[in-house]
Enquirer: 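Below is a structure I'd like to ask you about.
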Amino acid sequence: MRSLGYDQFGNEQFVKTNPDGTFSLVTKYADTRRTLDRNAALRSAGHGNGKDVKLAASIDGAVVAKWMQEGMNPFDPNNRKKLRSILNDSDYRKFRIWEGRL
């Protein structure tokens, strides 16, 4: 595989030559550990549990880029229901700061 460099989210992209001679684009997604650690610290400090406004989640740009590549634009108002479903899913629990249900 040959690296094509990094995108604006820190994801590295590669060109892979397949056995049949065709090429594939492979993406190695950036490490989201810093965002997850920050979210855990905010959650344990009680941030997100405001009286009037709640900080529900903080999502890393690499995750947003992955969703966009999969065809789910989290910024499209038509995808609000899908985004809410994703954020309520236990697989994405560590991106949540407020622990209530969206």
Enquirer: For the residue pair Val64 and Pro74, what are the closest heavy atoms and their distance?
Expert: CG1-CG, 4.0 Å

Enquirer: Run the side-chain contact (heavy atoms from CB on, under 4.5 Å) test against Asp91 and tell me which residues pass, sequence neighbours left out.
Expert: Asp89

Enquirer: Enumerate the residue pairs fulfilling ring pair (Phe, Tyr, Trp, His ring centres under 6.0 Å) with a member in residues 49-73, sequence neighbours excluded, ordered by first and then second residue.
Expert: Trp67-Tyr92

Enquirer: Any chain of hydrophobic side-chain contacts (each under 4.5 Å) joining Leu102 to Met72?
Expert: yes

Enquirer: With sequence neighbours left out, what residues match Trp98 under ring-ring contact (aromatic ring centres under 6.0 Å, His included)?
Expert: none

Enquirer: Let me check something: any side-chain donor-acceptor pairs from residues 77-87 under 3.5 Å, sequence neighbours excluded? List them with distances.
Expert:
{"unit_1": "Asn78", "atom_1": "ND2", "unit_2": "Asp76", "atom_2": "OD1", "d": "3.4"}
{"unit_1": "Asn79", "atom_1": "ND2", "unit_2": "Asn73", "atom_2": "O", "d": "2.9"}

Enquirer: Would you list the pairs meeting salt bridge (charged side-chain N to carboxylate O under 4.0 Å, His left out) in which at least one residue belongs to residues 93-102, sequence neighbours left out?
Expert: Arg43-Glu99

Enquirer: Return the set of residues passing side-chain contact (heavy atoms from CB on, under 4.5 Å) with Val15 (not counting sequence neighbours), or none when no residue passes.
Expert: Leu4, Phe23

Enquirer: Let's go through Arg34 and Thr32 carefully: what are the C-alpha distance in whole Å and the side-chain angles of both, what is the deciding distance for side chain to side chain contact (heavy atoms under 4.5 Å, CB included) to 0.1 Å, and is it a yes or a no?
Expert: CA-CA 6 Å; Arg34 285 184 293 169; Thr32 60; over 6 Å; no

Enquirer: Honestly curious: do Met68 and Leu25 fall in one hydrophobic cluster under the side-chain, below-4.5 Å linking rule?
Expert: no

Enquirer: Quick test of your reading: applying ring pair (Phe, Tyr, Trp, His ring centres under 6.0 Å), list the pairs with at least one residue in residues 36-65, sequence neighbours left out, ordered by first then second residue.
Expert: none

Enquirer: Suppose clustering is done on Ile, Leu, Val, Met, Phe, Trp and Tyr with side-chain heavy atoms closer than 4.5 Å. Which residues sit in the same group as Met1?
Expert: Phe14, Val26

Enquirer: Could you pull out all residues at least two apart from Tyr6 that satisfy side-chain contact (heavy atoms from CB on, under 4.5 Å)?
Expert: Glu12

Enquirer: Kindly compute the distance separating CD1 (Ile59) from CG (Leu36), expressed to the nearest 0.5 Å.
Expert: 11.0 Å

Enquirer: Among residues at least two apart in sequence or on other chains, which ones pass side-chain contact (heavy atoms from CB on, under 4.5 Å) with Ser58?
Expert: Thr35, Arg38, Asn39, Ile97

Enquirer: Under the rule for salt bridge (charged side-chain N to carboxylate O under 4.0 Å, His left out), what residues qualify as partners of Arg2, not counting sequence neighbours?
Expert: none

Enquirer: With sequence neighbours excluded, give me every salt bridge (charged side-chain N to carboxylate O under 4.0 Å, His left out) pair touching residues 54-73.
Expert: Lys66-Glu70

